[in-house]
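Input: a single structure, listed below in structure tokens.
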Amino acid sequence: GRHCDIGRALKVDHFSKQLRRISGKNIPDFDRFHGLSIVSDKFKSIVEEFEPGVHQFVPFQIIEKGGDVLADMWFMVVCNRLDTADREHTTKLLFLGRTWTFSRHVPEGHLPDGFVPRDGEEKIVFNNAQVGDHHLWRDKHEATMILMSDALVEALQREGVTGIEFYEQESV
């Protein structure tokens with residue numbers, strides 16, 4: 001089955017206990033597998049320092065073809081689901097009140113009255129007050145991003161975590 005991390009804890013009965021590594025022995029601290037985040041002990045412990053007991057971590061092992069264990073890892077489920085986009089500064093469209101969408105992806109006739117498409121410049125701007133003191137979250141209207149506070153990103157970078165790229169998002 002396909003799991004999806006949407007900012008809420010998941011039932012874990014059907015999670016794999018082991019995954020077989022197809023190639024290479026280099027296992028990053030952060031990876032993605034069918035929509036799930038896979039993290040190392042190092043990544044998990046940094047997240048836990050910032051938000052103890054908030055997120056769901058499900059243990060599993062990465063094994064070689066012969067069955068030898070290469071690494072003990074965790075499926076990480078982000079359990080903060082917040083509405084953090086600043087409505088005044090965000091220029092994407094909240095399509096049907098559900099999903100931040102580029103106007104070019106909205107079917108003709110569904111743009112709200114007065115909405116002016118700004119094709120290449122449509123963006124989400126996050127609101128620091130709405131984020132509050134959260135460090136790791138999913139935005140309830142944006143399905144693709146795992147969002148992190150500057151403090152969490154700095155800690156992950158300082159500890160040299162591998163496998164993740166950070167992109168700064170605009171906020172007010």
Side-chain angles (χ1 to χ4, degrees), residues 2-10 28-58 73-172:
R2 186 153 173 199
H3 304 291
C4 186
D5 169 3
I6 54 162
R8 294 194 178 121
L10 302 176
D29 294 306
F30 180 91
D31 209 343
R32 303 283 292 162
F33 179 77
H34 292 290
L36 285 170
S37 299
I38 294 174
V39 301
S40 66
D41 280 335
K42 180 198 281 190
F43 196 103
K44 175 183 181 280
S45 65
I46 296 167
V47 168
E48 286 285 319
E49 278 175 41
F50 281 83
E51 294 184 327
V54 171
H55 306 286
Q56 187 178 18
F57 293 94
V58 182
M73 300 290 283
W74 305 88
F75 290 115
M76 177 180 75
V77 181
V78 175
C79 292
N80 286 324
R81 185 171 180 264
L82 310 170
D83 185 353
T84 54
D86 186 271
R87 299 298 193 271
E88 196 179 322
H89 294 91
T90 293
T91 54
K92 273 186 165 181
L93 177 69
L94 188 57
F95 185 52
L96 303 177
R98 287 201 287 268
T99 308
W100 291 112
T101 309
F102 288 108
S103 60
R104 68 178 178 271
H105 297 152
V106 174
E108 211 171 314
H110 284 78
L111 288 177
D113 292 343
F115 181 84
V116 181
R118 298 187 224 177
D119 217 27
E121 296 173 32
E122 292 177 355
K123 63 187 176 183
I124 299 176
V125 177
F126 294 94
N127 182 303
N128 293 322
Q130 288 164 230
V131 172
D133 56 4
H134 295 94
H135 292 281
L136 179 64
W137 73 97
R138 295 286 201 155
D139 186 275
K140 66 190 269 184
H141 299 297
E142 204 295 316
T144 62
M145 289 189 265
I146 294 176
L147 298 153
M148 298 181 188
S149 68
D150 291 345
L152 177 55
V153 168
E154 287 161 16
L156 292 167
Q157 288 175 325
R158 192 170 50 247
E159 294 299 321
V161 299
T162 57
I164 189 167
E165 286 185 58
F166 301 102
Y167 300 95
E168 192 158 352
Q169 300 295 318
E170 196 175 325
S171 63
V172 293

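What you see below is based on every heavy atom in this structure, not just the backbone, and it leaves out hydrogens, waters and symmetry mates. Since we're looking at a predicted model, the values are computed, not measured. Count residues from 1 along the sequence.
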**Asked** Can you check side chain to side chain donor-acceptor pair (under 3.5 Å) on Y167 and Q169, steps first, answer last?
**Response** CA-CA 6 Å; Y167 300 95; Q169 300 295 318; over 6 Å; no
**Asked** Does the pair V78 and S37 meet the rule for a side-chain contact (heavy atoms from CB on, under 4.5 Å), with working shown?
**Response** CA-CA 9 Å; V78 175; S37 299; 5.6 Å; no
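In this structure, OG in S103 is found 14.5 Å from NE2 in H110, a value given to the nearest 0.5 Å. With rounding to the nearest 0.5 Å, the separation of CD1 in I38 from CG in D31 is 5.5 Å. With rounding to the nearest 0.5 Å, the separation of CZ in R32 from CD1 in I164 is 9.0 Å. Distance check: D41 CG to I46 CD1 gives 11.0 Å after rounding to the nearest 0.5 Å. Distance check, rounded to the nearest 0.5 Å: CZ of R138 to CG of L147 gives 8.0 Å. Distance check: T84 OG1 to W137 CH2 gives 6.0 Å after rounding to the nearest 0.5 Å.
Listed by first then second residue, pairs satisfying salt bridge (charged side-chain N to carboxylate O under 4.0 Å, His left out) with a partner in residues 141-161 number zero, not counting sequence neighbours.
Residues satisfying the side chain to side chain contact (heavy atoms under 4.5 Å, CB included) test with P52, not counting sequence neighbours, are E48. Considering only residues two or more places apart in sequence or on other chains, K123 meets the side chain to side chain donor-acceptor pair (under 3.5 Å) condition with E170. Taking H105 as the reference, nothing meets the side chain to side chain donor-acceptor pair (under 3.5 Å) condition, with sequence neighbours excluded. The side chain to side chain contact (heavy atoms under 4.5 Å, CB included) check on D83 picks up R87, Q130, D139, K140, H141, with sequence neighbours excluded. Annotation: side chain to side chain contact (heavy atoms under 4.5 Å, CB included) contacts of T162 (sequence neighbours excluded): P28, D29. Every residue was checked against the side chain to side chain donor-acceptor pair (under 3.5 Å) condition with W100, not counting sequence neighbours, and none meets it. In this view, T101 satisfies the side chain to side chain donor-acceptor pair (under 3.5 Å) rule with no residue, not counting sequence neighbours. With sequence neighbours excluded, no residue forms a ring-ring contact (aromatic ring centres under 6.0 Å, His included) with F95. With sequence neighbours left out, F50 forms a ring-ring contact (aromatic ring centres under 6.0 Å, His included) with H135. Contacts of V153 classified as side chain to side chain contact (heavy atoms under 4.5 Å, CB included), with partners at least two apart in sequence or in another chain: M148, Q157, F166. Annotation: ring-ring contact (aromatic ring centres under 6.0 Å, His included) contacts of H134 (sequence neighbours excluded): none.
Side-chain contact between P112 and L93 is present, with heavy atoms from C-beta onward closer than 4.5 Å. M145 places a side-chain heavy atom less than 4.5 Å from the side chain of F126.
Here the closest heavy-atom approach between residue V125 and residue H89 is recorded as CG2-O, 3.5 Å. Between C79 and Q56, the shortest heavy-atom distance links the atoms SG-N, 3.7 Å. For the residue pair N80 and L136, the shortest heavy atom distance occurs at ND2-O, 2.8 Å. In terms of heavy atoms, K44 sits closest to W74 at CD-CE2, 3.4 Å. For the pair T90 and A85, the tightest heavy-atom approach, listed with the atom from each and the gap, is OG1-CB, 4.0 Å.
A donor-acceptor contact shorter than 3.5 Å links the side chain of T91 to the backbone of E121.
F43 and F30 have tilted rings, their planes meeting at an angle from 30° to 60° on a 0 to 90° scale.
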